[in-house]
Trainee: 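First, the structure itself, so that you have it in front of you.
Side chains are part of it too, since the values below use all heavy atoms of this structure and drop only hydrogens, waters and symmetry mates.
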Amino acid sequence: MLFEVWAPVADLVGLRLAGALRAMERDPARDGWWTAEAEASDGDRYGFVLTGGGSGSGGADGTVLPDPRSRRQPDGPDGESAVVDHSAYAWRNEWAGRGLAGAVLYELHIGTYTHEGTFDAAAARLGHLAELGITHVSLMPVCPFPGTHGWGYEGVSLWAVHEPYGGPEGLKRFVDTAHGLGLAVVLDVVHNHLGPSGNYLPAFGPYFTETHHTPWGAAVNLDAPGSDEVRAYLLGSALAWLRDYRLDGLRLDAVHALADTRALTFLEELSTATDALAAELGRPLSLIAESDLCDPRTTTPRESGGTGLHAQWNDDFHHALHTALTGESQGYYEDFAAAPLAALAKTVTSAFFHNGTYSSFRGRSHGRPVDIVRTPAHRFVGYAQTHDQIGNRALGDRLSATLSPGLLACAAALVLTGPFTPMLFMGEEWGARTPWQFFTDHTDPALAEAVRSGRRREFAAHGWAGEDIPDPQDPATRNRSCLDWSEPAQEPHARLHAWYRELIALRRTLPDLSDPDLASVRTAHDEQARWLAYRRGDLRIAVNLDEKPATIALGGGRRRGGAGRVVAAWERVEVPGRDGLLHLPPESCVVLADD
């Protein structure tokens with residue numbers, strides 16, 4: 001087989017395969033590339049030895065370094081790579097794919113979805129999601145990272161799979177099982193930073209640049225000298241996930257942190273290549289961005305001047321919903337807390353709250369308006385909870401730690417009957433009481449201490465005592481974050497689980513709930529009385545977040561007297577009378593239909 005590596009900074013490159021070292025030759029057709037032909041089989045260990053140039057930046061001369069394009073790291077990021085024969089896996093299920101229109105996403109972390117923390121253990125629980133009505137499982141990152149347990153955002157080896165989860169074969173079995181149940185699979189990939197632990201890329205070439213700086217240090221090189229190959233590296237990785245593992249899409253972490261000044265941006269290149277691969281494979285492929293920019297150009301088609309990604313997370317909707325539910329006003333919630341119901345109403349009809357408005361948290365204007373006539377609502381992902389919004393809290397507390405079942409039901413109604421593509425975070429559907437905390441398993445003691453002390457410093461600035469912040473390196477922190485699968489059968493979890501299942505079924509069967517027309521959504525709210533109502537086609541959704549009953553003037557429906565039928569309700573609700581008034585119990589919600 002052909003072994004190849006881009007190492008423009010090296011004077012000599014050797015291939016160490018099965019314990020033997022052999023010289024590699026420069027590729028005359030590709031500057032900086034080295035190649036060697038050698039017999040190898042699935043599982044054979046190998047690595048590269050770099051001599052001279054700048055190779056010492058990743059380890060002393062003579063050190064065997066893992067392949068930047070390694071498909072497998074059996075001994076973790078610091079070990080040798082292993083050959084993977086992707087053709088050896090016999091796929092069991094044919095799969096035509098599934099697009100985002102009408103989707104319901106479910107964010108899942110392999111390491112805590114079950115206590116076993118493996119692909120196979122998670123796959124055994126996928127029937128729960130199929131029965132719930134989920135369409136897309138959104139996996140948090142699975143690239144190799146130090147130790148056994150972690151969130152996955154400090155991964156390296158962007159073509160490989162974390163071995164403790166089950167490695168390449170485990171991921172394929174998971175995807176195969178999901179497809180057999182009708183579930184698409186989306187994978188979270190991180191292009192904005194790598195490592196730092198186990199990151200040997202600087203030894204090979206200019207994968208990073210000091211031209212830009214990010215919260216993680218030097219930026220990934222997307223626009224400085226050598227960036228053509230770096231972009232090709234990231235593009236190749238992304239397409240490999242979609243092709244080799246039959247994934248249905250990628251979630252792109254923090255695209256606002258991609259420093260890229262080139263006329264043709266990396267995101268445009270990626271969306272172009274992904275659409276081409278979808279056409280080649282004959283099944284839909286989706287790219288979902290996490291972006292802090294409130295910029296509709298992220299998902300605007302390329303031919304209209306956008307980057308052509310297929311959807312983006314909508315944190316503005318989350319922040320408005322969170323402040324309305326909890327009353328919190330710290331940090332970025334400050335912008336939404338003055339009038340949270342108004343903020344929520346604005347996001348439901350305009351997608352972004354910050355569409356050119358002043359952001360007190362940022363100290364400047366922020367965002368850009370969405371063309372709600374031309375932009376389908378499913379391009380925005382709406383949610384009440386995510387791994388970030390829970391795990392980046394001091395104690396990793398979910399909404400269920402402080403909110404009543406009624407308010408959790410209201411949150412579900414707003415997410416699942418709203419105009420956006422809904423997404424749940426694992427365990428949300430039954431109001432899981434387990435926290436989801438920040439945990440790491442760094443093998444470098446200095447890095448472990450830096451993460452531990454840095455997190456305590458961060459929250460000390462907000463008034464937390466250091467000893468109250470869970471130690472990320474303590475195995476108990478990860479263990480506390482694992483789902484308790486005995487909860488769904490118990491109350492009040494069982495009732496909430498049934499409510500989520502009912503709402504998802506409504507979304508699947510009532511076309512008005514998947515209507516992509518943002519411009520048709522109509523809202524009303526009362527900030528003091530803490531209720532919000534909105535209309536989607538012939539349906540009206542109302543939530544009362546207050547501890548007192550609410551009286552809501554819905555107005556007329558198709559017949560005098562307003563909405564004529566209760567489609568779903570958390571508490572018993574009567575249809576509005578001839579006066580058009582809806583009487584909604586405290587902390588409850590309802591879906592009504594015109595006759």
Trainee: With Tyr534 as reference, evaluate Thr349, Thr417, Thr523 under the side chain to side chain donor-acceptor pair (under 3.5 Å) test and give the passing residue.
Mentor: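 Going through Thr349, Thr417, Thr523 one by one, the side chain to side chain donor-acceptor pair (under 3.5 Å) with Tyr534 is satisfied by Thr417 alone.
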Trainee: Can you tell me how far CG of Leu483 sits from NE2 of His109, rounded to the nearest 0.5 angstrom?
Mentor: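 Between His109 NE2 and Leu483 CG, I get 11.0 Å after rounding to 0.5 Å.
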Trainee: Please identify each residue that fulfils ring-ring contact (aromatic ring centres under 6.0 Å, His included) with His366, with sequence neighbours left out.
Mentor: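 Here the qualifying residues are His354.
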Trainee: Between Asn192 and His256, is any pair of side-chain heavy atoms under 4.5 Å apart?
Mentor: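 They are not in side-chain contact.
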Trainee: Starting at OG1 of Thr177, measure out to CG of Leu183 and round the result to the nearest 0.5 Å.
Mentor: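 One finds 10.0 Å between OG1 of Thr177 and CG of Leu183.
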Trainee: Could you tell me whether Arg495 and Glu571 make a salt bridge, using a distance below 4.0 angstrom between a side-chain N and a carboxylate O?
Mentor: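 Salt bridge: yes.
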Trainee: With side chain to side chain donor-acceptor pair (under 3.5 Å) as the criterion, how do Ser360 and Asp335 come out once you've worked through the C-alpha distance, each side chain's angles and the decisive distance to 0.1 Å?
Mentor: CA-CA 6 Å; Ser360 56; Asp335 289 336; 2.4 Å; yes
Trainee: Could you tell me if the side chain of Tyr333 sits less than 4.5 Å from the side chain of His318, heavy atoms only?
Mentor: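 Contact flag for His318/Tyr333 side chains = yes.
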Trainee: Distance from Thr421 atom OG1 to Ile288 atom CD1, nearest 0.5 Å?
Mentor: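 With rounding to 0.5 Å, OG1 (Thr421) is 7.5 Å from CD1 (Ile288).
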Trainee: Any non-hydrogen side-chain atom of Leu171 less than 4.5 Å from a side-chain atom of Tyr165?
Mentor: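 No. Closest side-chain heavy atoms not under 4.5 Å.
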Trainee: Considering only NZ, NE, NH1 and NH2 on the basic side and carboxylate oxygens on the acidic side, decide whether Glu131 and Arg501 come within less than 4.0 Å.
Mentor: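 A salt bridge links Glu131 with Arg501.
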Trainee: Would His319 and Phe353 count as a close aromatic pair, with their ring centres under 6.0 Å?
Mentor: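 They do not qualify: ring centres at least 6.0 Å apart.
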Trainee: Taking the side chain as everything from C-beta on, heavy atoms only, tell me whether His322 gets closer than 4.5 Å to Leu399.
Mentor: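 Yes, their side chains come closer than 4.5 Å.
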Trainee: Does Lys346 form a side chain to side chain contact (heavy atoms under 4.5 Å, CB included) with Thr357? I'd like the steps, not just the answer.
Mentor: CA-CA 12 Å; Lys346 181 178 180 180; Thr357 58; 3.4 Å; yes
Trainee: Are any of the side-chain nitrogens in Arg98 or Asp248 under 4.0 Å away from the carboxylate oxygens of its partner?
Mentor: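 Answer for the salt bridge query: no.
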Trainee: Taking only Lys NZ, Arg NE, NH1 and NH2, and the carboxylate oxygens of Asp or Glu, determine whether Asp594 and Arg535 approach each other closer than 4.0 Å.
Mentor: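 Here Asp594 pairs with Arg535 in a salt bridge, since their nearest N and O are under 4.0 Å apart.
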Trainee: What distance separates Leu513 CG from Ile504 CD1, expressed to the nearest 0.5 Å?
Mentor: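 It comes to 12.0 Å.
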Trainee: Could you walk me through whether His128 and Tyr106 pass the side chain to side chain donor-acceptor pair (under 3.5 Å) check?
Mentor: CA-CA 11 Å; His128 165 83; Tyr106 187 94; 4.6 Å; no
Trainee: Classify the side-chain pair Tyr89/Asp176 by whether it contains a donor and acceptor separated by less than 3.5 Å.
Mentor: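 Note: Tyr89 and Asp176 side chains meet the donor-acceptor criterion.
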Trainee: Would Tyr332 and Asp316 count as a side chain to side chain donor-acceptor pair (under 3.5 Å) here? Give the steps.
Mentor: CA-CA 10 Å; Tyr332 44 65; Asp316 278 15; over 6 Å; no
Trainee: Is the closest side-chain heavy-atom distance between Trp241 and Val186 below 4.5 Å?
Mentor: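 Counting from C-beta outward, Trp241 and Val186 never come under 4.5 Å.
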Trainee: Which is it for Leu187 and Leu250 under the side chain to side chain contact (heavy atoms under 4.5 Å, CB included) test, yes or no, and what are the steps along the way?
Mentor: CA-CA 5 Å; Leu187 177 65; Leu250 302 174; 4.2 Å; yes
Trainee: Is there side-chain contact between Cys482 and Thr112, with heavy atoms separated by less than 4.5 Å?
Mentor: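 The answer is yes, as the side chains (C-beta and beyond) meet within the 4.5 Å cut-off.
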Trainee: Which heavy atom of Leu395 sits nearest a heavy atom of Pro470, and at what distance?
Mentor: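 Nearest heavy atoms, Leu395 then Pro470: CD2-CD, 4.0 Å.
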Trainee: I need the minimum non-hydrogen distance between Ala96 and Pro284, along with the two atoms involved.
Mentor: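 That would be O-CD, 3.6 Å.
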Trainee: Over 60° means perpendicular and under 30° means parallel, so classify the ring planes of Phe425 and Trp436, tilted if in between.
Mentor: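 Rings of Trp436 and Phe425: perpendicular, as their planes differ by over 60°.
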Trainee: Between Phe380 and Phe317, is the ring centroid distance below 6.0 Å?
Mentor: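 No, ring centres 6.0 Å or more apart.
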Trainee: Grab the two heavy atoms, one from Val567 and one from Glu502, that are nearest each other, plus how far apart they are.
Mentor: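 What the structure gives for the nearest pair is O-OE2, 4.0 Å.
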Trainee: How about Trp531 and Asp546: do any of their side-chain heavy atoms sit closer than 4.5 Å?
Mentor: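 Answer no - side chains too far apart.
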Trainee: When you look at CZ of Arg92, are more than 12 heavy atoms from neighbouring residues, nucleotides or ligands closer to it than 6.0 Å?
Mentor: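 Counting other residues, nucleotides and ligands, CZ of Arg92 exceeds 12 neighbours.
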Trainee: If you count heavy atoms of other groups shown closer than 6.0 angstrom to CZ of Arg283, is the number above 12?
Mentor: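 Check passes, neighbour count above 12.
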Trainee: Once you round to the nearest 0.5 Å, how far does OG1 of Thr347 lie from CG of Asp315?
Mentor: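 Result: 11.5 Å between the selected atoms.
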Trainee: Can you tell if the side chain of Leu344 reaches within under 4.5 Å of the side chain of Leu414, non-hydrogen atoms only?
Mentor: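 They are in side-chain contact.
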Trainee: With side-chain hydrogen bond (donor to acceptor under 3.5 Å, both in side chains) as the rule and sequence neighbours excluded, what pairs involving residues 286-305 come up?
Mentor: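 Non-adjacent pairs meeting side-chain hydrogen bond (donor to acceptor under 3.5 Å, both in side chains): Arg251-Glu290, Ser271-Arg302, Thr272-Arg302, Asp275-Arg302, Asp292-Arg362, Asp295-Arg297, Thr299-Gln312.
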Trainee: When you compare the side chains of His387 and Glu107, does any donor N or O come within less than 3.5 Å of an acceptor on the partner?
Mentor: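 His387 vs Glu107: donor-acceptor pair found between side chains.
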Trainee: Assess the pair Tyr113 and Trp485: is the distance between their ring centroids shorter than 6.0 Å?
Mentor: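 Between Trp485 and Tyr113, which both carry aromatic rings, the centre distance is below 6.0 Å.
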Trainee: Would you please test Tyr153 and Asp388 for side chain to side chain contact (heavy atoms under 4.5 Å, CB included) and show each step?
Mentor: CA-CA 11 Å; Tyr153 292 93; Asp388 268 332; 5.9 Å; no
Trainee: Can you give me the closest heavy-atom contact between Leu416 and Leu503, atom names plus distance?
Mentor: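 Closest approach of Leu416 to Leu503, heavy atoms only: CD1-CB, 3.9 Å.
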Trainee: How close do Asp538 and Asp512 get, counting heavy atoms only, and between which atoms?
Mentor: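 Heavy atoms only, the tightest pair is N-OD2, 2.8 Å.
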Trainee: Taking all non-hydrogen atoms of both residues, which atom of Leu424 and which atom of Ile134 are closest, and how far apart?
Mentor: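 Nearest heavy atoms, Leu424 then Ile134: CD1-CD1, 4.1 Å.
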